[in-house]
Protein chains: 2
Amino acid sequence: MCITGFNGGMMRLLLVEDDDLLADGLQRALRAEGYTVDCIDRGDLVMPALQDGGFELVLLDLGLPGLDGMAALKLLRQKDKQIPVIIISARDALEDRISGLDGGADDYLVKPFSAAELIARVRARLRRRETPGTEVVQLGELAIDPERFTVSRNGEPVSLSRREMGVLLQLVRHRGRVLTRDQLEQGLYGWNEDVESNALEVHIHHLRKKLGSGLIRTVRGVGYSLSGEME
Amino acid sequence: MCITGFNGGMMRLLLVEDDDLLADGLQRALRAEGYTVDCIDRGDLVMPALQDGGFELVLLDLGLPGLDGMAALKLLRQKDKQIPVIIISARDALEDRISGLDGGADDYLVKPFSAAELIARVRARLRRRETPGTEVVQLGELAIDPERFTVSRNGEPVSLSRREMGVLLQLVRHRGRVLTRDQLEQGLYGWNEDVESNALEVHIHHLRKKLGSGLIRTVRGVGYSLSGEME
DNA sequence: GGGTGCCTTAAAGCAACCTTAAGGCGTCGT
DNA sequence: ACGACGCCTTAAGGTTGCTTTAAGGCACCC
């Protein structure tokens, strides 16, 4: 369940798996790829976890305590049709795979599988998002390279700290959408850390100072978003 | 699954497969599901075929005459990053699957596979193409985008405060129905707070001033509703 | 005409946000 | 190991502008 301090707004995955050993191994492998992974071990915790927001993809085991994986998937799809779901299950029967996919999963991987293949399939799903996390995003006078963690403005490189980059990446990834303060903080810290301060505001302030004040729009009482008019 | 109107959203698939027998069987199975299938048997025909347009998805074998499947995929992705590609191949080695997925494929199915599973995976891919757009509500001269927290009138952006947006969204969500003052206030503030003032009226007033006076209809003694039709 | 409910306006109150600055913590180089 | 440096957080004070309050006027119905 642990979340190490190593996340700078990288992509956040939700792993639902009750086998502690497997969960631990997968978390390790995924984190090595740069993903932020939060893990839960009960099916009935899926919806509360997603409520917090900030997840980009769900890895879902089927045999779960609390609520079966398929039931959890059904609930999930009633609320959120967008987020990609990859089922990881030992059930290898054809009808399991088909009902999983038709139940709203985007992929179905049968245990045992190689971590490398899982990661490749995660990549394939995440590639399809609004703004691919691995490509350079051109935004007005800015060029943002999520892979190399660099940003340049009018060709001049700008140096951003980890947290600043984390905030920026989340905003870029959901370009145009308004992200609440809570969502942004969850993305930076994970959900077990609690921030009772205005740290986020300070990071926003620094970003505006470095990247121009027109970039980030404040929606008072709601959150922040990238101003959409520059392209 | 009724057959009515089954040609309205006809999906056209491109099958790239050089084994005549398999190709024939797959075409049959896919057509039975209502897809339109065109089949080619050479890798170097993929690009010309896609040039014609109209395809929603590609089923790609790897061992192909003319041009290898992986090479064809690379060419394809240079031109078109959007169209889903499912690799169907007898190559079951881990590195094949990974390089296929990382090469831009959306799924990788190892032969032999069941037609039912292929169809389920095709469905899972095509599901993602329906209504990719946001849930922008178009209402007469107004366009309301809840995710971006923006409203525009005749294309001109209008700036709304949080409370104003809250009232408007509730009315839009129950378009046509009359919402009582209590319902609207409850939606704004929650259950435990009670407002002993005319704040709601003020917000309504501001909305009318910004969005036009014909939008919100007062039902005296009851509440408010969106006027059913605006010209 | 009187009562009731809604509209309009303006001003006070206040929460959210911005800005600045200082201290803590970890990192890196010497 | 020690010090220098940069980053993150915390805190305090200032600013903005939304929200509410309140009061008076208008419209509707009996």
Side-chain angles (χ1 to χ4, degrees), chain A residues 3-10 149-151 157-171 178-190 192-225 227, chain B residues 149-151 158-171 178-190 192-227:
Chain A
I3 304 175
T4 58
F6 150 89
N7 42 24
M10 295 301 298
F149 257 69
T150 58
V151 175
V158 180
S159 138
L160 293 189
S161 76
R162 193 173 35 138
R163 292 271 130 103
E164 288 158 6
M165 195 65 182
V167 173
L168 181 60
L169 279 182
Q170 288 188 79
L171 290 172
V178 175
L179 298 181
T180 66
R181 165 203 246 66
D182 282 344
Q183 285 176 315
L184 288 168
E185 286 175 349
Q186 299 271 356
L188 280 188
Y189 307 112
N192 40 5
E193 261 177 84
D194 211 27
V195 183
E196 196 53 44
S197 87
N198 62 350
L200 178 63
E201 293 170 17
V202 177
H203 295 312
I204 294 275
H205 176 59
H206 289 151
L207 278 173
R208 292 212 252 239
K209 208 150 70 177
K210 290 179 182 175
L211 304 178
S213 57
L215 180 71
I216 300 174
R217 178 174 65 114
T218 300
V219 182
R220 187 173 253 263
V222 184
Y224 300 90
S225 79
S227 60
Chain B
F149 234 79
T150 58
V151 174
V158 180
S159 144
L160 294 189
S161 78
R162 180 167 55 127
R163 293 272 131 102
E164 288 158 6
M165 193 69 172
V167 173
L168 180 61
L169 281 181
Q170 285 189 79
L171 290 171
V178 177
L179 297 180
T180 66
R181 167 194 304 265
D182 283 342
Q183 285 176 314
L184 287 168
E185 286 176 347
Q186 185 172 291
L188 280 188
Y189 306 108
N192 31 16
E193 283 180 64
D194 59 324
V195 183
E196 200 55 44
S197 86
N198 62 349
L200 178 62
E201 294 170 15
V202 178
H203 295 313
I204 294 277
H205 174 57
H206 289 150
L207 278 174
R208 292 212 254 240
K209 206 151 71 176
K210 290 178 180 175
L211 304 178
S213 56
L215 180 71
I216 300 174
R217 183 169 58 106
T218 301
V219 182
R220 196 184 171 84
V222 185
Y224 300 90
S225 79
L226 283 198
S227 57

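Quick caveat: nothing in here was measured; it's all calculated off a predicted structure. Chain letters run A, B, ... following the sequence lines, proteins first and then strands; every chain starts at 1.
Distance A:L200 CG to D:dC8 P: 13 Å, rounded to the nearest Å. In this entry the distance linking CZ of B:R217 with C1' of D:dC28 reads 16 Å, nearest Å. If you take NE2 of B:H206 and C1' of D:dT21, they are 13 Å apart, rounded to a whole angstrom. When rounded to the nearest whole Å, the span between CE of A:M165 and P of D:dC7 equals 14 Å. Per the geometry, NE2 belonging to B:H203 stands 18 Å off P belonging to D:dG17, to the nearest Å. Going from atom CG of B:D182 over to atom C1' of C:dG5 covers 14 Å, rounded to whole Å. Taking atom NZ on A:K209 and atom P on D:dC7, their separation rounds to 13 Å, with Å as the unit. Whole-Å rounding puts the A:L184 CG to D:dT9 P distance at 14 Å.
Shortest non-hydrogen contact noted between B:F149 and A:V178 is CB-CG2, 3.7 Å. Nearest heavy-atom pair, B:Q170 versus B:L184, reported as atom, atom and distance to 0.1 Å: NE2-O, 3.2 Å.
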Return all side-chain donor-acceptor pairs below 3.5 angstrom for residues 162-169 of chain B, not counting sequence neighbours, or 'none' if the list is empty.
| unit_1 | atom_1 | unit_2 | atom_2 | d |
| --- | --- | --- | --- | --- |
| B:E164 | OE1 | B:S161 | N | 3.0 |
| B:E164 | OE1 | B:K210 | NZ | 2.9 |

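Between the CD1 atom in A:I216 and the CD1 atom in A:I204 there is a gap of 4.5 Å [rounded to 0.5 Å].
Legend: residues meeting side chain to side chain donor-acceptor pair (under 3.5 Å) with A:T150, ordered by chain and number and at least two apart, are absent. Remark: B:R181 engages B:E201 in a side chain to side chain donor-acceptor pair (under 3.5 Å) (not counting sequence neighbours). Residues meeting the side-chain contact (heavy atoms from CB on, under 4.5 Å) test with B:V202, sequence neighbours left out: B:N198, B:H206. Under the side-chain contact (heavy atoms from CB on, under 4.5 Å) criterion, B:S159 pairs with no residue, sequence neighbours left out.
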One character per nucleotide, please: for nucleotides 12-18 of chain C, 5' to 3', B when the base has a protein heavy atom closer than 4.0 Å, S when only the sugar-phosphate does, - otherwise. ---BBSB

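Taken over five-pair windows at either terminus, the axes of the helix from C:dG1-D:dC30 to C:dT30-D:dA1 are inclined to one another by 30° (rounded to 10 degrees).
Of the side-chain N and O atoms in B:S161, none sit less than 4.0 angstrom from OP1 or OP2 of D:dC18.
With A:S227 contributing its side chain and A:L215 its backbone, the two residues share a donor-acceptor pair below 3.5 Å.
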